[in-house]
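Heads up: the structure comes next, in C-alpha cells.
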Number of protein chains: 2
Amino acid sequence: MSTQRGRPKKYDPQTALQAAGGVFWAQGFSGTSLDDLSAAMGMNRPSIYRAFGDKEAVYRLALAQFTRQMEEGFNHTVLQETDFREGLRRFYRAALEVYSSGEAALGCMVMCTAPAASITHLDVQSDLLEVIEQLDRRILKRVELAVDQGQLSAIVDAKSLSKLIQAVLHSLAIRARAGESKTSLRRFADAAILTILGKT
Amino acid sequence: MSTQRGRPKKYDPQTALQAAGGVFWAQGFSGTSLDDLSAAMGMNRPSIYRAFGDKEAVYRLALAQFTRQMEEGFNHTVLQETDFREGLRRFYRAALEVYSSGEAALGCMVMCTAPAASITHLDVQSDLLEVIEQLDRRILKRVELAVDQGQLSAIVDAKSLSKLIQAVLHSLAIRARAGESKTSLRRFADAAILTILGKT
DNA sequence: ATGTATATATACCATTTCGCATATTATTTG
DNA sequence: CAAATAATATGCGAAATGGTATATATACAT
C-alpha cells in the first residue's frame, strides 16, 4: 500500500518487456546480446538485471507476454464466433497479421525462436511445450463444443484434429518467417480449414 | 585428374560436415561457437575456414546435407510406395525416427534452427524457403499422381493439400523438439493422414 | 633431394559478451 | 534537513568469440 519509495522507475515494465521481445523475436535468444536489449529497452544492463533477472529470464518473460497476446487473439476470434469454421478463419487471419506485419515478416516468436534455444535451455523447452499443450487444450475444448452442436460431423479423433488445427498455425509461422507472401498464406489457411473440417 | 598433391586431408569432408551439423542442430546457429565446431569436427579453426568458409557457410552446408538426407527418406517412402497413404505414413515415421532419435529429441534441423537465424542471415532465409518450396513441389507431384490414379477423391486444392501435408511435418518437428513423446507423435501423424486424405 | 602444393598447428588480435562492483541520482519518510 | 530507500549510470574485468597471420608438417613430381 505504501506509496513508492526511492527513485522512481524510468521505464514501464510492460513496454520494456515488449521492446525486449521485439529484439528476441527478430534475432532469437542467443543471437541477442545484453547490449542489444539495453539499447532496445532504454535501460542499462544493471537495471535490466535488477528488474527482470538474467538474459534467459528476460527472454522467458517476453515469451510469456507474447503468448498472452496470442491467447487474447484466440479469445476474440475462435471463442467469440458461434460458427467454429468462421472463428478459426478469423484466428488464422489475426495470427497472420502478427506474423507478417512490419518490414520483415517475423513469424511466431515462440515457434520460430524458442525451438533453437530449447535444447541448451531446458526451461525454454518447458515453456515451449506448455504453450503448445495449452493451445491444444483450448482448441480441443472448442472442437468438442462444435461436435456437440452438430457443427462438425464424423470426426476421426478430436484430440488429433485439434493438433492438426495447431499444425496449420505452426506452418504459417514458419512459412511467414521464410518469406512466403501474406496472400499465399491466407489462401493456404482458408483451404486448410476446408480440408480439415470438411466443406459443409 | 592429377593424384592429390600436398599434405593429405586428415578429415573426411562429409563426416566433418555431419559433425558440424550435429552441433548446429542442437545449439542453433548463433548458439554454436567456432570452438564448438572445432571440437566436434576434429579440425582447428583455420582448417575449417580453408575447407568450408566462415561459420555461416559451414552452417548452410550442414543444412544442405541434412536436407539431402531427408529427401532420400522421402524417396524411399512416399515415392517408392504405390499407395500414397501408406507411403506418407512411412515417411512421417521415418522423419520421427530422425526427429526423436538419440538422447534428446532434436526435431528437424531446418525447421527448428534456421528460422531463428533467418532474419539476420538472409541467405539462411533463402535456404529455408527453398527447402519448404522444394518439398511442396515434390509432395504436389505425388498428390497429383494419386489423384490421377483415383487414390484421392474430391480434393479441394492439390497445392493447399500438399502444404497441409508438409504442415504436419512442421508440427512434428517442433513438437518433437518441445519434448512430446514419440508414441504421441506417431498417433498424431497417423490420425492426420486419415483426416487430411479421407478414410477410404 | 629438392621444390611445389596442400594441409595442419600455434599463436595472436580486436571485439564482444556477460556479469558485477561501485558511484550517483531522485524520491519518501521521520 | 538528514536518513533511508530504490532506482540509474559508469566503468571494470575475465572470458569467449570470430577471424587471421605465421610457422610447420606431409605428400607428390621431377
Side-chain angles (χ1 to χ4, degrees), chain A residues 1-17 19-24 26-62 113 116-117 119-124, chain B residues 1-24 26-63 113 116-117 119-124:
Chain A
M1 268 330 69
S2 60
T3 63
Q4 57 175 344
R5 311 264 310 224
R7 182 171 178 170
K9 295 179 204 282
K10 215 177 178 179
Y11 61 91
D12 169 55
Q14 295 279 330
T15 358
L17 269 186
V23 186
F24 279 129
Q27 306 182 355
F29 174 74
S30 47
T32 300
S33 71
L34 285 185
D35 280 339
D36 291 336
L37 292 179
S38 175
M41 303 168 82
M43 302 168 66
N44 34 35
R45 285 186 312 257
S47 290
I48 296 176
Y49 221 78
R50 284 185 62 72
F52 306 108
D54 65 3
K55 189 176 145 183
E56 183 178 331
V58 179
Y59 176 71
R60 296 181 64 200
L61 287 169
T113 72
I119 302 298
T120 46
H121 296 79
L122 295 182
D123 289 340
V124 173
Chain B
M1 270 337 67
S2 59
T3 64
Q4 59 174 346
R5 308 269 310 232
R7 183 173 177 170
K9 296 179 203 284
K10 216 177 177 182
Y11 62 91
D12 169 54
Q14 295 278 330
T15 356
L17 268 186
Q18 195 83 17
V23 187
F24 279 129
Q27 306 183 356
F29 174 73
S30 47
T32 300
S33 71
L34 284 185
D35 280 340
D36 291 336
L37 292 179
S38 176
M41 303 168 82
M43 302 167 65
N44 34 35
R45 279 174 314 206
S47 291
I48 297 175
Y49 222 80
R50 282 188 64 71
F52 307 109
D54 66 4
K55 189 176 147 185
E56 184 178 330
V58 179
Y59 176 72
R60 297 181 63 200
L61 287 169
L63 265 193
T113 73
I119 303 296
T120 45
H121 297 79
L122 295 183
D123 289 340
V124 173

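Source: prediction; values computed, not measured. Letters go in sequence order (proteins before strands), and every chain restarts at 1.
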Query raised in the report: Quick one: B:Phe29 CZ to D:dT17 P, roughly how many Å, whole number?
Result: 13 Å
Query raised in the report: Atom NZ of B:Lys9 to atom C1' of C:dT6: distance rounded to whole Å?
Result: 8 Å
Report summary line: Here the distance between atom P of C:dC18 and atom CG of A:Leu37, to the nearest Å, is 8 Å
Query raised in the report: For the side chain of B:Lys55 and the backbone of B:Leu37, is there at least one donor-acceptor N/O pair under 3.5 Å apart?
Result: no
Report task. Could you verify whether a donor N or O on one side chain and an acceptor N or O on the other, from B:Asp35 and B:Ser38, lie under 3.5 Å apart? Result -> no
Query raised in the report: How close or far is atom P of C:dA11 from atom OH of B:Tyr49, stated in whole angstroms?
Result: 22 Å
Requested in this report: Dump the intermediate steps for side chain to side chain contact (heavy atoms under 4.5 Å, CB included) on B:Phe29 and B:Val124, then the final yes or no.
Outcome: CA-CA 10 Å; B:Phe29 174 73; B:Val124 173; 5.9 Å; no
Query - Nucleotide C:dA9, atom C1' - distance to CD1 of B:Ile48 in whole Å - result: 13 Å
Query - Distance, rounded to the nearest Å, where B:Gln27 contributes CD and D:dT17 contributes C1' - result: 14 Å
Report task. Could you please name the option among C:dA9, C:dA7, D:dT8 that lies closest to any side-chain atom of B:Lys10? Result -> C:dA9
Report task. Tell me which nucleotide among D:dA6, D:dA7, D:dT8 gets nearest to the side chain of A:Ser47. Result -> D:dT8
Query raised in the report: Base, sugar-phosphate alone, or nothing: which one does B:Ser38 contact when heavy atoms must sit under 4.0 Å apart?
Result: nothing
Query raised in the report: In whole angstrom, what separates B:Asp35's CG from D:dG18's P?
Result: 8 Å
Query raised in the report: B:Ser33 side chain: which of D:dG18, D:dA6, C:dT17 is closest?
Result: D:dG18
Query raised in the report: When you measure from the side chain of A:Leu34, which nucleotide among C:dA9, D:dT17, C:dC18 comes out closest?
Result: C:dC18
Report summary line: Side-chain atoms of B:Asn44 come closest, of C:dC20, C:dA9, D:dT8, to C:dA9
Report task. Decide yes or no on side chain to side chain contact (heavy atoms under 4.5 Å, CB included) for B:Phe24 and B:Val58, but give the supporting numbers first. Result -> CA-CA 10 Å; B:Phe24 279 129; B:Val58 179; 3.9 Å; yes
Requested in this report: Assess whether side chain to side chain contact (heavy atoms under 4.5 Å, CB included) is satisfied between B:Gln27 and B:Thr113, documenting all intermediate values.
Outcome: CA-CA 8 Å; B:Gln27 306 183 356; B:Thr113 73; over 6 Å; no
Query raised in the report: Counting side-chain heavy atoms from C-beta on, which of D:dT10, C:dT6, D:dG19 comes nearest to B:Lys55?
Result: D:dG19
Query - Residue A:Arg50, side-chain heavy atoms: nucleotide from C:dA7, D:dA7, D:dT17 that is nearest - result: D:dA7
Query - Between C:dT25 (P) and A:Tyr11 (OH): distance, integer Å - result: 20 Å
Query raised in the report: Among the nucleotides D:dA6, C:dT8, D:dT20, which one has an atom lying closest to any side-chain atom of A:Arg5?
Result: D:dA6
Query raised in the report: Do the side-chain N or O atoms of A:Arg45 get closer than 4.0 angstrom to the phosphate oxygens (OP1, OP2) of C:dC20?
Result: no
